[in-house]
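In what follows, a structure is listed as structure tokens, so that the remarks can point back to it.
Side chains are part of it too, since the values below use all heavy atoms of this structure and drop only hydrogens, waters and symmetry mates. Chain letters run A, B, ... following the sequence lines, proteins first and then strands; every chain starts at 1.
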Number of protein chains: 2
Amino acid sequence: MRIGELARQSGCGVETIRYYEREGLLPAPARSAANYRQYDQRHAERLAFIRHCRALDMTLEEIRTLLAYHDHPERPCHEVNGLIDAHLAHVAARIRQLQALETALVALRARCNGEAEAEACGILRELSRPLGEDELPAAGEGAHLPGAHG
Amino acid sequence: MRIGELARQSGCGVETIRYYEREGLLPAPARSAANYRQYDQRHAERLAFIRHCRALDMTLEEIRTLLAYHDHPERPCHEVNGLIDAHLAHVAARIRQLQALETALVALRARCNGEAEAEACGILRELSRPLGEDELPAAGEGAHLPGAHG
DNA sequence: ACACACCCTGTAGCCACTACAGGGTCAAGA
DNA sequence: TCTTGACCCTGTAGTGGCTACAGGGTGTGT
């Protein structure tokens, strides 16, 4: 199968597949006479594994670790559990942060009904106030998950 | 005041301040004879505004829009409200996504107690399963907020 | 005279892609 | 046979919001 079909099958872009190959997540496949990449079912399965992990928002580095276990089925798997636990903790932390953000934004939003001039707008006034020490930690701090703009 | 003091006062890095200047969020300040940037209170206030917005996880583009209202106090401010509403919607969407992620991860985690070999590990087995159509949309899709790794 | 903290510009790196530019290959239709 | 268009290749640059240099100049204290 060529790269385009693998892309359709896996639901990711052609460029992304080539990127995973460059990053060493997918092995370089055989090539046709015309230098086209030729994939088989094992490539498709490995890519499905990667996409499944990405859908769970794991980093490529985390996925690399999981693939190493995938590739060495005789190893004990407790590190796998640790990785998932750590990832879960990151996700939970990010949720708490975003909820705090949401609360702050709702409060901010309530300060203006949009019928004033900018000078009198309670939102802009509030944003001009410097941040308190404890106010809101910088977005994303601590967790290794991105902020609100995905 | 020089850039180092502004950085301490605002709680952000020196490089970040220079970055905001390059991006046009902070106006270029006067320079000393030695070509050092010299900031005054208005710069400090504008930087506080920016940092406040960043703490609410707004993009620099969103902040640019808000700063335009800040700079034109005679304009009506309803667009400000729209921007905050849109941002709130993004944050709320991201929270829902991450909660779905969390649920999926908890279910995944329950599949192995970490005492098996990788070959028998229910987590790796589950990750090898291809994603269903509706499973989990690609992280961050739709919302313009980043995923779990901030 | 020297150390050391601070400042300058400019460039490259981070992540996980995405989007080109500029070319080659292949099958179907006129 | 010629052309069209879909597909493929490599390599490079861009995204956002910083962060981290390299390689230099400046200011202050001892």
Side-chain angles (χ1 to χ4, degrees), chain A residues 1-26 28-39 47 50-64 87 90 94 138-141 143-150, chain B residues 1-26 28-39 47 50-65 87 90 94 137-141 143-150:
Chain A
M1 144 179 52
R2 294 192 305 193
I3 198 168
E5 199 191 326
L6 182 59
R8 268 186 299 279
Q9 200 180 103
S10 66
C12 74
V14 162
E15 318 263 11
T16 304
I17 296 174
R18 287 198 282 249
Y19 172 71
Y20 289 159
E21 181 182 327
R22 275 202 305 285
E23 289 298 303
L25 297 173
L26 272 181
R31 297 290 183 124
S32 75
N35 199 30
Y36 289 7
R37 287 173 178 81
Q38 287 182 309
Y39 295 101
L47 182 53
I50 296 169
R51 296 307 291 176
H52 202 147
C53 291
R54 285 293 298 137
L56 295 170
D57 229 344
M58 296 180 200
T59 64
L60 297 193
E61 199 45 48
E62 288 169 328
I63 298 171
R64 233 184 290 274
H87 186 58
H90 288 315
R94 192 77 192 113
E141 178 214 289
H144 75 137
L145 300 105
H149 305 260
Chain B
M1 130 182 64
R2 294 192 305 191
I3 198 169
E5 198 190 326
L6 181 60
R8 270 187 298 280
Q9 200 180 103
S10 66
C12 74
V14 162
E15 317 265 9
T16 304
I17 295 174
R18 287 199 282 247
Y19 173 71
Y20 289 159
E21 181 181 328
R22 273 202 306 286
E23 289 298 303
L25 297 174
L26 271 180
R31 298 290 184 127
S32 75
N35 199 31
Y36 287 7
R37 287 173 180 81
Q38 287 181 307
Y39 295 99
L47 183 53
I50 296 169
R51 296 308 289 176
H52 201 147
C53 292
R54 285 295 296 138
L56 295 170
D57 229 344
M58 295 179 200
T59 64
L60 297 192
E61 200 46 48
E62 287 169 329
I63 297 171
R64 232 184 291 273
T65 301
H87 185 57
H90 288 316
R94 192 76 193 115
E141 178 214 291
H144 75 136
L145 299 105
H149 305 261

Side-chain heavy atoms of [X] within contact of [Y], under 4.5 Å:
{"X": "Arg37(A)", "Y": "Val14(A)", "value": "no"}
{"X": "Ile63(B)", "Y": "Tyr20(B)", "value": "no"}
{"X": "Leu60(A)", "Y": "Arg54(A)", "value": "yes"}

Among [options], which is the nearest nucleotide to the side chain of [X]?
{"X": "Arg54(A)", "options": "dC18(D), dC7(D), dC17(C)", "value": "dC17(C)"}
{"X": "Tyr19(A)", "options": "dG17(D), dT10(D), dT18(C)", "value": "dT18(C)"}
{"X": "Arg31(A)", "options": "dT10(D), dT19(D), dC17(C)", "value": "dT10(D)"}

Confirm from the modelled atom types if Tyr36(B) and dG25(D) form a donor-acceptor pair under 3.5 Å, side chain to base only.
->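 It does, because a donor-acceptor pair links the side chain of Tyr36(B) to the base of dG25(D) below 3.5 Å.
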Polar side-chain atom of Glu5(A) near backbone of Arg2(A) as donor-acceptor pair, under 3.5 Å |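 No: the side chain of Glu5(A) does not pair with the backbone of Arg2(A).
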Would you check if the side chain of Arg64(B) reaches a backbone N or O of Glu23(B) as a donor-acceptor pair within less than 3.5 Å?
->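 Such a contact is found between Arg64(B) side chain and Glu23(B) backbone.
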Report yes if a side-chain nitrogen or oxygen of Thr16(A) is closer than 4.0 Å to either non-bridging phosphate oxygen (OP1 or OP2) of dT18(C); otherwise report no.
->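 Yes.
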Arg51(A) side chain N/O closer than 4.0 Å to the phosphate oxygens (OP1, OP2) of dC17(C)?
->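 Result: yes.
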[X] [atom1] to [N] [atom2], straight-line distance once rounded to whole Å:
{"X": "Glu21(B)", "N": "dT9(C)", "atom1": "CD", "atom2": "P", "result": "8 Å"}
{"X": "Arg22(B)", "N": "dC18(D)", "atom1": "CZ", "atom2": "C1'", "result": "9 Å"}
{"X": "Ile3(A)", "N": "dA6(D)", "atom1": "CD1", "atom2": "C1'", "result": "15 Å"}
{"X": "Arg37(B)", "N": "dG27(D)", "atom1": "CZ", "atom2": "P", "result": "15 Å"}
{"X": "Glu61(A)", "N": "dG13(C)", "atom1": "CD", "atom2": "P", "result": "18 Å"}
{"X": "Tyr39(B)", "N": "dC8(C)", "atom1": "OH", "atom2": "C1'", "result": "12 Å"}
{"X": "Glu15(A)", "N": "dA13(D)", "atom1": "CD", "atom2": "P", "result": "16 Å"}
{"X": "Leu47(B)", "N": "dG17(D)", "atom1": "CG", "atom2": "C1'", "result": "14 Å"}

Sugar-phosphate only, base, or nothing, as touched by Arg18(B) at under 4.0 Å among non-hydrogen atoms |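 Base contact.
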Name the residue closer to the 5' end of DNA chain D, choosing between Leu60(B) and Arg2(A) according to the nucleotide with the nearest heavy atom.
->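 Going by which nucleotide is closer to the 5' end, it is Arg2(A).
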